[in-house]
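One structure is given below, encoded as structure tokens.
These numbers come from a predicted model, not from an experiment. Atoms considered below: every heavy atom in the structure, side chains included; atoms not considered: hydrogens, waters and symmetry mates.
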Amino acid sequence: MPWVLLAGVVRPAAFWTFRPGTLPTVPESRSLTQTTVLRTHSVRTTGGVRLLCVRPAILESMDEKPEPAQTAGGGLDRRAELSEFLRTRRARLKPEDVGLPDFGRRRVPGLRREELAQLAGVSVAYYTRLEQGNGHNVSAEVLDAIARALRLSDAEHAHLTHLAKPKQHKKKTVARSQQVRPALRHLLDSIDSVPAYVVGRRSHVLAWNRMAAALFGDWAELPAQERNWARMVFLRPAYRELFVEWEQKAADIVGYLRMDAGCHPDDPQLSALVGELSVKSEEFRRLWAAHDVKEKSYGVKRMRHPLVGDLTLSFETFRLVDDAEQSLITYHAEPGTASAEALRLLASWGADATRAGAGSPAP
């Protein structure tokens, strides 16, 4: 029968409920309608540790119980983030996806921890500790093996590494406001036919050119705190009208914030932004709970502008060499298309187009 080590190895001490003179019990969860006493017998070992022999059905219930999310120090709890990320990645895989037999209906979706550990070539206890957020001693080789077993994308692999082996950041660096180099601002101003802007930490818009204002609205009219893609997409109705596939744009923004949170879990401003959006937007809460991550890259966006109608624009992301936390984003249309003509019209209308843009405050 399987063994459970009562020393915080398999499950933290906070998970257990102790009463004087009784055996430990499993707390109530979604799958257990009442507290269940473990049917066990103990074996004394060296160092004052006891091993308990537990019924497999009870052990399975314990294995699948998610750890509660917590916050500390004004930032996001890195251990809780690591735990939830691994649990959600495991839940999306089916046995047939990884070449394992499926022995009928499962209590919860996805692979079991034992199956994932087998695929990664690590012990169940080792993987369990990692999924509980205890990743400070994990090696890069083990993380690579787990990433392969979970079929993680490159962005997800990088996010896992950030959570399990975080880099040390000075608090003053996290709190420092980002600045755009004057030369880069001059470059933006010189691009008069392509919407372009610079985005930084927490999806914050730092600088933009006249064409970006014509397409997205006059961000200069917004308070500095509101020049944030997450706030604009989730809290400003005009952006639901601007982006034809609004749901995909929203998911992209949340994916970027998740990557940022993995790199800077101790950032109180990011934590405050997530908290605000979680309170004000049900869609944000749902997407944030999915723990999906995404890097800024390239693609195509379909938009519906209040002046020129439908546009299909390609966007490109250029990460700055001297500051990897700033990116230059450009939008362009294929030459000879209706979208290219629409951009030309926006450029010719100048200030009138800027006032009509999606991001402009309501009159």
Q) After noting the C-alpha distance and the side-chain angles of I191 and M211, does the key distance pass the side-chain contact (heavy atoms from CB on, under 4.5 Å) rule? A) CA-CA 8 Å; I191 304 175; M211 279 299 295; over 6 Å; no

**Q.** Full working for salt bridge (charged side-chain N to carboxylate O under 4.0 Å, His left out) between D260 and R201
**A.** CA-CA 7 Å; D260 200 356; R201 292 279 314 284; 2.8 Å; yes

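Between Y197 and W229, the angle of the ring planes lies from 30° to 60°, which puts this pair in the tilted group. Between H159 and F85, the angle of the ring planes goes over 60°, which puts this pair in the perpendicular group of the 30/60° scheme.
The two atoms that bring S139 and Y126 nearest to each other are N-OH, 4.1 Å, heavy atoms only. Between E334 and A340, the closest heavy-atom pair is O-CB, 3.5 Å. For A196 against A212, the heavy-atom pair with the smallest separation is O-CB, 3.4 Å. Between Y127 and R113 the shortest heavy-atom distance is CE2-CG, 3.9 Å. Residue K249 comes nearest to K301 through the heavy atom pair CA-NZ, 4.0 Å, listed as atom of the first residue, atom of the second, then distance. Scanning all heavy atoms of the two residues, the minimum distance from L257 to S203 falls at CD2-OG, 4.1 Å.
I146 contributes atom CD1, which lies 7.0 Å from atom CG of L116 (distance to the nearest 0.5 angstrom). Atom CG in L82 sits 5.0 Å away from atom CG in L130 (nearest 0.5 Å). For the atom pair L307 CG and L345 CG, the distance stands at 9.5 Å (nearest 0.5 Å). Separation of atoms NE2 (H264) and CD (Q269) is listed at 11.5 Å; rounding is to 0.5 Å. Going from atom CD of E295 over to atom CE of M259 covers 3.5 Å, rounded to the nearest 0.5 Å. Remark: W246 CH2 to F234 CZ distance equals 5.0 Å, nearest 0.5 Å.
When the side chains of ILVMFWY residues are joined at heavy-atom separations under 4.5 Å, either directly or via intervening members, L313 and W208 end up in a single hydrophobic cluster. No continuous path of ILVMFWY side-chain contacts below 4.5 Å connects V194 to L215, so the two sit in separate hydrophobic clusters. Linking ILVMFWY residues whenever their side-chain heavy atoms come closer than 4.5 Å, directly or via other members, places V98 and V142 in the same cluster. Cluster membership for W349 and L242, using ILVMFWY side-chain heavy atoms within less than 4.5 angstrom, is shared. Hydrophobic clustering, with ILVMFWY side chains joined whenever heavy atoms are under 4.5 angstrom apart, groups L206 together with L328.
Residues satisfying the side chain to side chain donor-acceptor pair (under 3.5 Å) criterion with R148, sequence neighbours excluded, are absent altogether. In this structure E96 satisfies the side-chain contact (heavy atoms from CB on, under 4.5 Å) test together with K94, D102, sequence neighbours excluded.
Under the 4.5 Å side-chain criterion, counting only non-hydrogen atoms from C-beta, L273 is in contact with R231. Within the 4.5 Å cutoff, side-chain heavy atoms of R89 are placed close to those of H291.
Within the cation-pi definition used here (under 6.0 Å to the ring centroid, within 45° of the axis), R227 does not qualify as a partner of W219. Geometrically, K296 engages Y256 in a cation-pi contact defined by less than 6.0 Å to the ring centre and at most 45° from the axis.
Under a 4.0 Å N-O distance rule, the pair E226/R236 does not qualify as a salt bridge. A salt bridge is absent between R258 and D292: the closest approach of a Lys/Arg side-chain nitrogen to an acidic carboxylate oxygen does not fall below 4.0 angstrom.
Within 6.0 Å of CZ in F318 there are more than 12 heavy atoms belonging to other residues, nucleotides or ligands. Atom CG of D322 has more than 12 heavy atoms from other residues, nucleotides or ligands within 6.0 Å.
Residue pairs meeting the side chain to side chain donor-acceptor pair (under 3.5 Å) criterion with at least one member in residues 335-347, sequence neighbours excluded: E341-R344.
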